[in-house]
**Student:** 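Pasting in a structure now, in structure tokens, and then I'll have a few things to ask.
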Number of protein chains: 2
Amino acid sequence: MLNIGLVDDHTLFRKGIISLIQMACTQPVQILFEAGSGLELQEMISQDRMPDVIIMDINMPDMNGFDSVLWLKETYPGIPVLVLTMMDKEEYIIRMLKLGIRGYLSKDVEPKELGEAITAVSGNGYYYTDFITGRLISTLQQYDEHGRNLSPLNERETEFLRLACSEYTYHEIAGMMHLSPKTVDGYRKALFEKLSVKNRVGLALYAVKHGIVEL
Amino acid sequence: MLNIGLVDDHTLFRKGIISLIQMACTQPVQILFEAGSGLELQEMISQDRMPDVIIMDINMPDMNGFDSVLWLKETYPGIPVLVLTMMDKEEYIIRMLKLGIRGYLSKDVEPKELGEAITAVSGNGYYYTDFITGRLISTLQQYDEHGRNLSPLNERETEFLRLACSEYTYHEIAGMMHLSPKTVDGYRKALFEKLSVKNRVGLALYAVKHGIVEL
DNA sequence: GCGGCATACAGGAAAAACCCTGTTTTTTAT
DNA sequence: ATAAAAAACAGGGTTTTTCCTGTATGCCGC
């Protein structure tokens, strides 16, 4: 019997997932527990309810998916995690992959696919939707003419980008970042190039689209 | 027996809703049909499967929630519609209210609330979550010091706002709108005032936040 | 027929954004 | 240890945005 732990703040989703699991899985499975956040997950596991697979969302109150996976990997690295979320932004996928999750599914998944993913992940396998692998491949293909990767924004660039999505002037942003306005202007230019945008509005829309700033 | 028609493109959601209905409703209910889009809804109803209540999402392929409700109100105005969606943008809520829906729920709804909403709507009642009514009230409270309503953007302002969320200069936008750059500057100023923003980035973020431009 | 109102438009000016080229300093790799 | 890359910064220029005040026109109500 395969024991599944379900972590999602929406009751609607949890019940939907349970229904799908029951109709999709060929092997015998049961829902060991449901948790509405990372904190509840910690409670469940501290009560010695050890699942064979954890299905987890990202957006949750109290403790989100990233922190939850981080904690799991530190504490019980053996439990495979299957992320099931609406968030299909590249940044999120990449962050999760780095944390060592074993599968990533979008919430518009078909029952059959969910069953396959659970089977794969509960063994020693991995499962990512075609959609997601497709996006990742196209991301990894973003090199410039010298073969340098253009896409990943470093710490400082990300910080600048977040601040650029505001009503502060670049001068004010320079102050906040403890940099000269000229340096900030350099970041601006670099990001225009990297993200192929022409003005600050382009930066803001890129940031929203890729989940770098929340609305 | 209350017959429910379920219109949502995500299998996960449909199964979740069904679970919640079964655990939340005190009265006897059954799911008469499930449809994955407005087109499928039309098929179902043309097969003479007339539900007492329709629970509907907004984002769907082929035929979305707005068009579906529009068609329903023209063809079978008697069937009450309960919108159940993640889209909590004011523009969407207002559009749906104008179409004459009877309830609007967010997908993070509690089982109990879903049951109450179904009961209310299947009678001759209405049901809106506190969250939604709260947002609507705060929107309707946006008056200026003379009592004039600031919030609703007219046609031309909306058109300008959409164009401002781009990498065109205002000069180029003026050309597209067949207006003088000075007039466009007037729209800019008026929108800064109405939306309480300080620069073009603020405009773009407002537009995204309120569903005026898609990403 | 006249004030109120919305729309379209102008001149002019300061601020901010945008762009290019080049220097210094710090970090990193070998 | 040193060359190469990345980060911080400057000078100086153009374009765009932002802001102010003021005018002309057509529409609507009373």
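Just so it is clear: chains get the letters A, B, ... in the order the sequence lines come, proteins before strands, and each one is counted from 1.
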**Student:** Within the sub-3.5 Å range, which N or O atoms of nucleotides 19-24 of chain D have a protein N or O partner, and how far apart are they?
**Tutor:**
unit_1: D:dC19; atom_1: N4; unit_2: B:Asp185; atom_2: OD2; d: 3.0

**Student:** Atom CD of B:Glu159 and atom P of C:dA8: how far apart are they, to the nearest Å?
**Tutor:**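 Those two atoms, CD and P, are 10 Å apart.
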
**Student:** For A:Asp62 and A:Ser37, work out which heavy atoms get closest and say how close.
**Tutor:**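 Smallest heavy-atom distance, with atoms named: OD2-OG, 3.8 Å.
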
**Student:** Is A:Arg102 positioned over the aromatic face of A:Tyr128, cation under 6.0 angstrom from the ring centre and no more than 45 degrees off axis?
**Tutor:**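 Cation-pi check for A:Arg102 and A:Tyr128: fails.
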
**Student:** Does a sphere of radius 6.0 Å around CZ in B:Phe192 hold more than 12 heavy atoms from other residues, nucleotides or ligands, not counting ones at 6.0 Å or beyond?
**Tutor:**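 Yes, enclosed.
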
**Student:** Give the rounded distance in Å between these two atoms: CD of A:Glu155 and C1' of C:dT27.
**Tutor:**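 That distance rounds to 16 Å.
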
**Student:** Could you tell me how far apart A:Leu153 (CG) and D:dA6 (C1') are, to the nearest whole angstrom?
**Tutor:**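 These atoms are roughly 15 Å apart.
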
**Student:** Check whether more than 12 heavy atoms from other residues, nucleotides or ligands sit under 6.0 Å from atom CD of B:Glu155, and answer yes or no.
**Tutor:**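 Count not over threshold, so no.
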
**Student:** If only side-chain N and O atoms of A:Thr183 are considered, is one of them under 4.0 Å from the OP1 or OP2 phosphate oxygen of D:dA8?
**Tutor:**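 The answer is no; no side-chain N or O of A:Thr183 sits under 4.0 Å from OP1 or OP2.
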
**Student:** Please table the atom pairs, donor to acceptor, closer than 3.5 Å between any side-chain atom in residues 4-13 of chain A and protein atoms at least two apart or in another chain.
**Tutor:**
unit_1: A:Asp8; atom_1: OD1; unit_2: A:His10; atom_2: N; d: 2.9
unit_1: A:Asp8; atom_1: OD2; unit_2: A:Lys107; atom_2: NZ; d: 3.1

**Student:** Using rotation axes that map the C1' atoms of four end pairs onto the next four (five pairs an end), what angle separates the end axes of the helix from C:dG1-D:dC30 to C:dT30-D:dA1, to 10°?
**Tutor:**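 About 50°, once rounded to a multiple of 10°.
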
**Student:** So, does B:Glu74 use its side chain to make a donor-acceptor pair with the main chain of B:Trp71 at under 3.5 Å?
**Tutor:**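 Not at all, since once roles are kept as given, no pair shorter than 3.5 Å links the two residues.
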
**Student:** Can you figure out which of D:dA7, C:dA8, D:dA10 approaches the side chain of A:Ser180 most closely?
**Tutor:**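 Among the listed nucleotides, the one closest to the side chain of A:Ser180 is D:dA10.
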
**Student:** Between D:dA8 atom C1' and A:Asn154 atom CG, what is the distance in whole Å?
**Tutor:**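 Roughly 13 Å, once rounded to whole Å.
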
**Student:** Atom CG of A:Leu191 to atom P of D:dA7: distance rounded to whole Å?
**Tutor:**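 Value for this atom pair: 11 Å.
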
**Student:** Using 4.0 Å as the upper bound for N to carboxylate O, is an ion pair formed by A:Glu116 and A:Lys112?
**Tutor:**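 Looking at A:Glu116 together with A:Lys112, the answer is yes, because their closest N to O distance falls below 4.0 Å.
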
**Student:** Check B:Asp185 with B:Lys182, please: is the shortest side-chain N to carboxylate O separation under 4.0 Å?
**Tutor:**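 Salt bridge between B:Lys182 and B:Asp185, a charged N being under 4.0 Å from a carboxylate O: no.
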
**Student:** Which residues in residues 162-175 of chain B have at least one heavy atom lying under 4.0 Å from any atom of DNA chain C?
**Tutor:**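 Heavy-atom contacts with DNA chain C come from no residue of residues 162-175 of chain B; none.
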
**Student:** Side chain of A:Leu179 only, heavy atoms from C-beta on: which candidate in D:dA8, D:dA10, C:dA8 is closest?
**Tutor:**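 Taking heavy atoms from C-beta onward, the closest nucleotide is D:dA8.
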
**Student:** Rounding to a whole Å, what distance do you find between A:Arg200:CZ and C:dA15:C1'?
**Tutor:**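 Going from CZ in A:Arg200 over to C1' in C:dA15 covers 13 Å.
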
**Student:** What I want to find out is whether B:Glu159 reaches B:Arg156 closely enough, with some N-O distance under 4.0 Å, to be called a salt bridge.
**Tutor:**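 Looking at B:Arg156 together with B:Glu159, the answer is yes, because their closest N to O distance falls below 4.0 Å.
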
**Student:** Tell me which pairs pass ring pair (Phe, Tyr, Trp, His ring centres under 6.0 Å) where either residue lies in residues 93-126 of chain B, with sequence neighbours left out.
**Tutor:**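 Qualifying pairs: none.
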
**Student:** Could you state the OH-P distance from B:Tyr187 to D:dT18, rounded to the nearest angstrom?
**Tutor:**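 Computing the B:Tyr187:OH to D:dT18:P distance gives 18 Å.
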
**Student:** Sequence neighbours excluded, which residues qualify as ring pair (Phe, Tyr, Trp, His ring centres under 6.0 Å) partners of A:Tyr92?
**Tutor:**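 Partners of A:Tyr92 under the ring pair (Phe, Tyr, Trp, His ring centres under 6.0 Å) test: A:Phe66.
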
**Student:** Rounded to whole Å, please give me the gap between CD in A:Glu193 and P in C:dT21.
**Tutor:**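 Those two atoms, CD and P, are 12 Å apart.
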
